[in-house]
2 protein chains.
Amino acid sequence: MKTTQIGNAWKGAERCENCAIRHLVLFSDLQKSDFDQIHQPIDDISYKPGSIVYGQSDHMEFVYTIRSGLVKLVQYLPDGNLRIVRILGQGELLGIESLNTQVAEHKAITLDPVQLCRIPHSVITLLQQNSPGIHNALIARWQKMLNMADLWITQLSTGKIRTRVSRLLLLLSKNSLDDTFYMPTREDIGNILGITTESASKVTAEFKRNGWLKLLENNHAQVDENKLEI
Amino acid sequence: MKTTQIGNAWKGAERCENCAIRHLVLFSDLQKSDFDQIHQPIDDISYKPGSIVYGQSDHMEFVYTIRSGLVKLVQYLPDGNLRIVRILGQGELLGIESLNTQVAEHKAITLDPVQLCRIPHSVITLLQQNSPGIHNALIARWQKMLNMADLWITQLSTGKIRTRVSRLLLLLSKNSLDDTFYMPTREDIGNILGITTESASKVTAEFKRNGWLKLLENNHAQVDENKLEI
DNA sequence: CATTATAATTGAAATTTTTCAATGTAATTT
DNA sequence: AAATTACATTGAAAAATTTCAATTATAATG
């Protein structure tokens, strides 16, 4: 975990102001004067694949903007079982729920090399008082999260396994910028769909045999969207 | 569908101000001066069980506060299949997502006799500009929705059917104010859990035979929480 | 109250999914 | 490059779930 301080007590958030992906993040609507209010350091942190950003029930003092990479949100059942409830990517906010409760609802684990900006709760609170634009940015994130959660229920937890694996791969493919996408491990596919690792493997192996799914370097893959959509 | 106008162009929202469940609804934090800004009518509407409040993809100009009763949110898959993604009760907001997009993400159907307050989007927009308290009230609803959605994924879409039916009944029971709760039809249980009506029936019938579930008048029921928790 | 319609239950067979154990493959370390 | 480790695949049997068809119970209606 490598940390670079983006702003600090005297420099404020000038680097946020000029951030290459600012249009994608929470601060897109802010003005220069808004940035001048920020006096807490906003750190830019790099994570290796498989790193735990925070754990379920952790006390939280930060939220995290994803600059690049993918993060899975995992939730545990009382019996120790778990389910992956979302996968978040660039521009999305980790730990948004902790702004109100100070507690993380999920465990957040990086899937690939990830860069996050760590924003203190106090920065958000301050902006909420003085920079009304931040509200819409936050609500937009809530809305996106809820849409994704509903999609998880409707598309990924309903129907036969083959259908659900198809829907997941299509989703990953269509959300990707190029024609390849991050291919989760079979275990993760299982935990996304609520099925066993073996069942996930049987279906993905079948798709590969059919030529509908091609595995590439670096945990990436490519699908024939037309074939899977049937 | 019986409508009573709560406020109107000249009376404003004085009845909202004195609403018996105001502490539970979106307007809990508002001051007298806030209510004085409201000049659009807020109607109080009664629905019979099984009424459609709005449909998926409907153009929306209102959100709805639940004064009493239960409402299910249904989402359709492209193939015509459907899933119930949430059940909402007193104090919760229907159509919150339409505040940003003007479009309903779900079909909303009443489960029992329901009373709703229909609030024009314009009222919320106005309050967002002048009454900062409304933001927290809205965010609290987003957060509750997302918690419920995650719970639906983790608890209700994971595991064997018997476990999932147990979890659902426990959830309904624990969210209820008294020791009875609204018992969904077996078809609805199926659409909540993503299983067939028959499977839902087989398990609930078994619970009844075991004496763990008792059906009462009026689509209500009671469970032995200790037995189901095993 | 009798009738009709709707919802719930049940059982047996078919299908799907999991389980368990073994093997194959790929990536990483020594 | 060999050894080790982790991940992926496969097959057969067991278990869970769906399907389909029939029956029973409950609610709604004239």
Side-chain angles (χ1 to χ4, degrees), chain A residues 48-51 72 79-84 109 111-113 156-169 182-221 223, chain B residues 48-51 72 79-84 109 111-113 156-169 182-221 223:
Chain A
K48 287 202 292 262
S51 310
K72 61 179 172 182
D79 67 5
N81 264 80
L82 64 85
R83 193 80 188 262
I84 298 173
I109 305 173
L111 290 173
D112 51 6
L156 302 186
S157 306
T158 306
K160 300 260 189 292
I161 287 183
R162 194 174 286 100
T163 318
R164 284 151 68 189
V165 174
S166 287
R167 292 198 194 114
L168 172 62
L169 296 179
Y182 170 81
M183 177 75 182
T185 65
R186 307 309 169 268
E187 188 180 7
D188 275 354
I189 292 179
N191 291 328
I192 291 168
L193 302 178
I195 62 178
T196 60
T197 305
E198 290 91 338
S199 292
S201 179
K202 282 168 198 186
V203 175
T204 54
E206 180 194 328
F207 287 170
K208 279 196 288 180
R209 279 192 299 271
N210 294 349
W212 302 349
L213 167 68
K214 288 195 203 318
L215 297 191
L216 311 170
E217 294 291 285
N218 207 235
N219 299 318
H220 272 239
V223 289
Chain B
K48 288 203 290 260
S51 310
K72 62 179 172 183
D79 67 6
N81 264 79
L82 63 86
R83 193 79 188 262
I84 297 173
I109 305 173
L111 289 173
D112 51 4
L156 302 186
S157 306
T158 306
K160 300 261 188 295
I161 286 184
R162 193 172 288 100
T163 317
R164 284 152 68 189
V165 174
S166 288
R167 291 198 194 113
L168 173 61
L169 297 178
Y182 171 82
M183 177 76 184
T185 64
R186 306 308 170 268
E187 188 180 9
D188 275 354
I189 292 179
N191 290 328
I192 291 167
L193 302 178
I195 61 177
T196 60
T197 305
E198 292 90 336
S199 292
S201 177
K202 281 168 199 187
V203 175
T204 54
E206 180 193 327
F207 287 171
K208 280 197 287 179
R209 280 192 297 271
N210 293 349
W212 302 350
L213 168 67
K214 288 193 203 320
L215 296 190
L216 311 170
E217 295 290 286
N218 207 234
N219 299 318
H220 272 239
V223 290

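A note on names: the letters A, B, ... follow the listed sequences, proteins ahead of strands, and every chain is numbered from 1.
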B:N191 CG to A:T158 OG1 distance, which is reported to the nearest 0.5 Å: 9.0 Å
From CG (A:N218) to CG (A:L215), nearest 0.5 Å: 12.5 Å
Closest to side chain of B:K160, choosing from D:dT18, C:dT18, C:dT10: C:dT18
Chi angles and distances behind the side chain to side chain contact (heavy atoms under 4.5 Å, CB included) call for B:I189, B:V203: CA-CA 11 Å; B:I189 292 179; B:V203 175; over 6 Å; no
Separation of atom CD in A:E206 from atom C1' in D:dG11, rounded to whole Å: 15 Å
Phosphate OP1/OP2 of C:dT10 contacted by B:R209 side-chain N/O (<4.0 Å): yes
Side-chain N,O (B:S201) to OP1/OP2 (C:dT10) below 4.0 Å: no
Integer-rounded Å distance: D:dT17 C1' and A:R162 CZ: 16 Å
Value in whole Å for how far the P atom of C:dT16 lies from CD1 of B:I161: 15 Å
Stepwise side chain to side chain contact (heavy atoms under 4.5 Å, CB included) check, A:M183 with A:L213: CA-CA 10 Å; A:M183 177 75 182; A:L213 167 68; 3.9 Å; yes
Distance below 4.0 Å between B:K208 side-chain N/O and D:dA25 OP1 or OP2: no
Within residues 182-199 of chain A, residues whose heavy atoms come under 4.0 Å of DNA chain D: A:T185, A:R186, A:E198
Presence of donor-acceptor pair under 3.5 Å, side chain of A:K202 and base of C:dT19: yes
Distances for protein N or O near nucleotides 23-29 of chain C N or O, under 3.5 Å:
none

Flag side-chain contact, heavy atom, 4.5 Å: B:W212 against B:E206: no
Any residue meeting salt bridge (Lys or Arg N to Asp or Glu O under 4.0 Å) with B:E187, in chain and number order, not counting sequence neighbours: none
Aromatic ring pairing A:H220/A:Y182, orientation class (parallel under 30°, perpendicular over 60°, tilted between): perpendicular
Separation between CG of B:L156 and CD1 of B:I84, rounded to the nearest 0.5 Å: 11.0 Å
B:R83 and B:S157 side chains, donor-acceptor separation under 3.5 Å: yes
